[in-house]
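Note sheet for the following structure.
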Amino acid sequence: QQAKQIVAGMIKRREDDNIRWKEMAALFRCLKMGDIGSLTTHLQKELAEKKVPFVVVGGKSIFERASVRDLVAYLQLSI
């Protein structure tokens, strides 16, 4: 829910105020405590789903994680 609100707000600002993607940033710290750590994953998924360009600084993108790469490779083999 929180990730969807963040991305929706970014898209709205882009449309309403004609702000370019490279002029925006979502800064947060992932503390790896309880549900807080899941914001990273949800935010990256939402950004990708809405075709919003993003760069992860100081951590790994969800799409660079070994478990996700393994799953994608498995799915490609099964097709």
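Heavy atoms of other residues, nucleotides or ligands lying less than 6.0 angstrom from CG of Asn18 number 12 at most.
If you take CD on Gln1 and NE2 on His42, they are separated by 11.0 Å, rounding to the nearest 0.5 Å. A distance of 10.5 Å separates CD of Glu46 from CD of Gln5, quoted to the nearest 0.5 Å. In this structure, CD on Glu23 lies 10.0 Å from CZ on Arg13, to the nearest 0.5 angstrom. Of the inter-residue distances, the one linking Leu75 atom CG with Asp70 atom CG reads 11.0 Å to the nearest 0.5 angstrom. Glu15 contributes atom CD, which lies 7.0 Å from atom CD1 of Ile11 (distance to the nearest 0.5 angstrom).
In terms of heavy-atom proximity, Phe54 sits nearest to Ala48 at CE2-N, 4.0 Å.
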